[in-house]
Amino acid sequence: MSNRVKRIVFWSLVGCIVAMGALLAFHRQHFRNSVAALAEDAPLDAPTASTEPITLLLANDADGTVTATNRRIALPLEQTARVRSLLDHLNNEYAMPGSAHPLPPGAMVDDVFLVPLPVVGHAQVSATSNSPTATPADNPPSTLVASTDPAALQPLSPGGELAVVNLRSSFVNQHPSGVEVESLTLLSIIGTLHSNVPQIEQVRFLVDGQPRETLAGHADLLRTYPSRDTSVAASHVSVK
């Protein structure tokens with residue numbers, strides 16, 4: 001082999017080594033940026049050393065189920081902040097490697113609004129006594145009157161609330177499309193709220209503060225869902 005050919009082979013190898021080094025450095029930096037972004041978007045625990053038991057309803061794409069799983073985490077004291085942190089911890093579980101229901105990393109929820117469910121009026125248990133000597137026992141306290149409108153949102157018990165979950169478009173736009181995977185996500189959210197915040201009786205969804213027809217083309221985001229135990233298959237969620 002001539003010296004000219006040897007020099008060409010040598011410099012070709014050097015060029016390949018330099019190119020491979022540059023490529024490895026690029027992928028290393030890209031990986032570090034991805035990890036940093038995940039860390040920034042992951043929910044932060046409340047500024048307290050104490051943790052508390054919570055229940056996450058975790059979905060499994062393999063068998064289409066939602067299963068209650070116990071965790072101990074620190075949550076903020078303010079109620080809406082607690083609910084938001086709870087849902088962000090839920091999505092953080094799904095963003096972990098090997099998740100049974102993989103979802104995009106980052107915060108799921110922008111805001112959560114807890115709205116007292118409306119009460120139509122009051123009625124007294126029995127007729128009011130007009131006697132000047134009437135006692136409190138003669139004038140019993142009033143009780144709630146339910147709405148006759150079957151579509152009205154009424155509390156099942158005093159203090160019942162509607163949770164309006166304002167999802168981030170960055171989460172929704174990256175959510176996998178499919179009837180079951182979308183239904184499982186909604187069941188997971190609804191069940192987690194039901195297990196940890198019992199006063200929430202109804203759940204509605206917005207995306208960036210606006211109504212949206214579906215999560216990713218199938219699961220209905222326009223209806224109001226009852227808060228309930230969702231340790232069941234995904235067929236119980238409305239789809240379009």
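When all heavy atoms are compared, the tightest approach of L114 to A163 is CD2-CB, 3.8 Å. Pairing each heavy atom of L57 with each of S231, the nearest pair is CD1-OG, 3.3 Å. Contact detail for A219 and S183: the closest heavy-atom pair is CB-N, 4.2 Å.
A heavy-atom distance below 4.5 Å is found between the side chains of R228 and L187. Between L103 and P176, some side-chain heavy-atom pair lies under the 4.5 Å cut-off. Contact check for L58 versus T67: no side-chain heavy atoms found under the 4.5 Å cut-off. Using a 4.5 Å heavy-atom cutoff, the side chains of V207 and F205 are not in contact. Counting heavy atoms from C-beta outward, T55 and N70 have side chains that approach closer than 4.5 Å. Taking the side chain as every heavy atom from C-beta outward, N173 and P104 never approach each other to under 4.5 Å. Residues V83 and V165 have side chains not in contact (no heavy-atom distance under 4.5 Å, counting atoms from C-beta outward).
With sequence neighbours excluded, no residue forms a salt bridge (charged side-chain N to carboxylate O under 4.0 Å, His left out) with E161. Remark: H194 pairs with no residue by the ring-ring contact (aromatic ring centres under 6.0 Å, His included) rule, at least two apart or across chains. Listed by chain and residue number, D208 satisfy the side-chain hydrogen bond (donor to acceptor under 3.5 Å, both in side chains) test with S169 (two or more places apart in sequence, or in another chain). Residues that satisfy the side-chain hydrogen bond (donor to acceptor under 3.5 Å, both in side chains) test with N60, not counting sequence neighbours, are absent from this structure. Residues that satisfy the side-chain contact (heavy atoms from CB on, under 4.5 Å) test with D110, not counting sequence neighbours, are N166, R168. With sequence neighbours excluded, no residue forms a side-chain hydrogen bond (donor to acceptor under 3.5 Å, both in side chains) with Q199. Residues that satisfy the side-chain contact (heavy atoms from CB on, under 4.5 Å) test with P211, not counting sequence neighbours, are L206, L222. Applying the salt bridge (charged side-chain N to carboxylate O under 4.0 Å, His left out) rule to R212 yields no partners; only residues at least two apart in sequence or on another chain are considered. In this view, E78 satisfies the salt bridge (charged side-chain N to carboxylate O under 4.0 Å, His left out) rule with no residue, not counting sequence neighbours. Partners of H175 under the side-chain hydrogen bond (donor to acceptor under 3.5 Å, both in side chains) rule, at least two apart in sequence or in another chain, are T185.
Atom CG of D61 is separated from atom OH of Y94 by 8.5 Å, given to the nearest 0.5 angstrom. One distance of note links CG of L184 with OG1 of T65; it measures 7.5 Å at 0.5 Å rounding. Considering CG of L75 and OG of S85, their distance stands at 5.0 Å, rounded to 0.5 Å. Within the model, atoms OH of Y225 and CG of L193 stand 13.5 Å from one another, a figure rounded to the nearest 0.5 Å. Remark: N91 CG to F171 CZ distance equals 5.0 Å, nearest 0.5 Å. Here CG of D220 is found 8.5 Å from CD of E213. Values are rounded to the nearest 0.5 Å.
A donor-acceptor pair under 3.5 Å is formed between the side chain of R82 and the backbone N or O of P76. Within the 3.5 Å criterion, the main-chain N or O of A216 finds a donor-acceptor partner in the side chain of S177.
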- request: Go through the steps for L221 and L186 under the test side chain to side chain contact (heavy atoms under 4.5 Å, CB included), then give the verdict.
  value: CA-CA 9 Å; L221 290 187; L186 295 191; 3.9 Å; yes
- request: Report the C-alpha distance between V197 and Q79 in whole Å, list the side-chain angles of each, state the deciding distance to 0.1 Å, and finish with yes or no for side chain to side chain contact (heavy atoms under 4.5 Å, CB included).
  value: CA-CA 9 Å; V197 193; Q79 190 71 339; 3.4 Å; yes
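Judged as a salt bridge (Lys or Arg N to Asp or Glu O under 4.0 Å), the pairs with a partner in residues 68-77 (not counting sequence neighbours) are, in order, R71-E93. For residues 62-88, no residue pair satisfies the ring-ring contact (aromatic ring centres under 6.0 Å, His included) rule, not counting sequence neighbours.
With V109 as the partner, the side chain to side chain contact (heavy atoms under 4.5 Å, CB included) test is satisfied by one option alone out of L90, L86, L87: L87.
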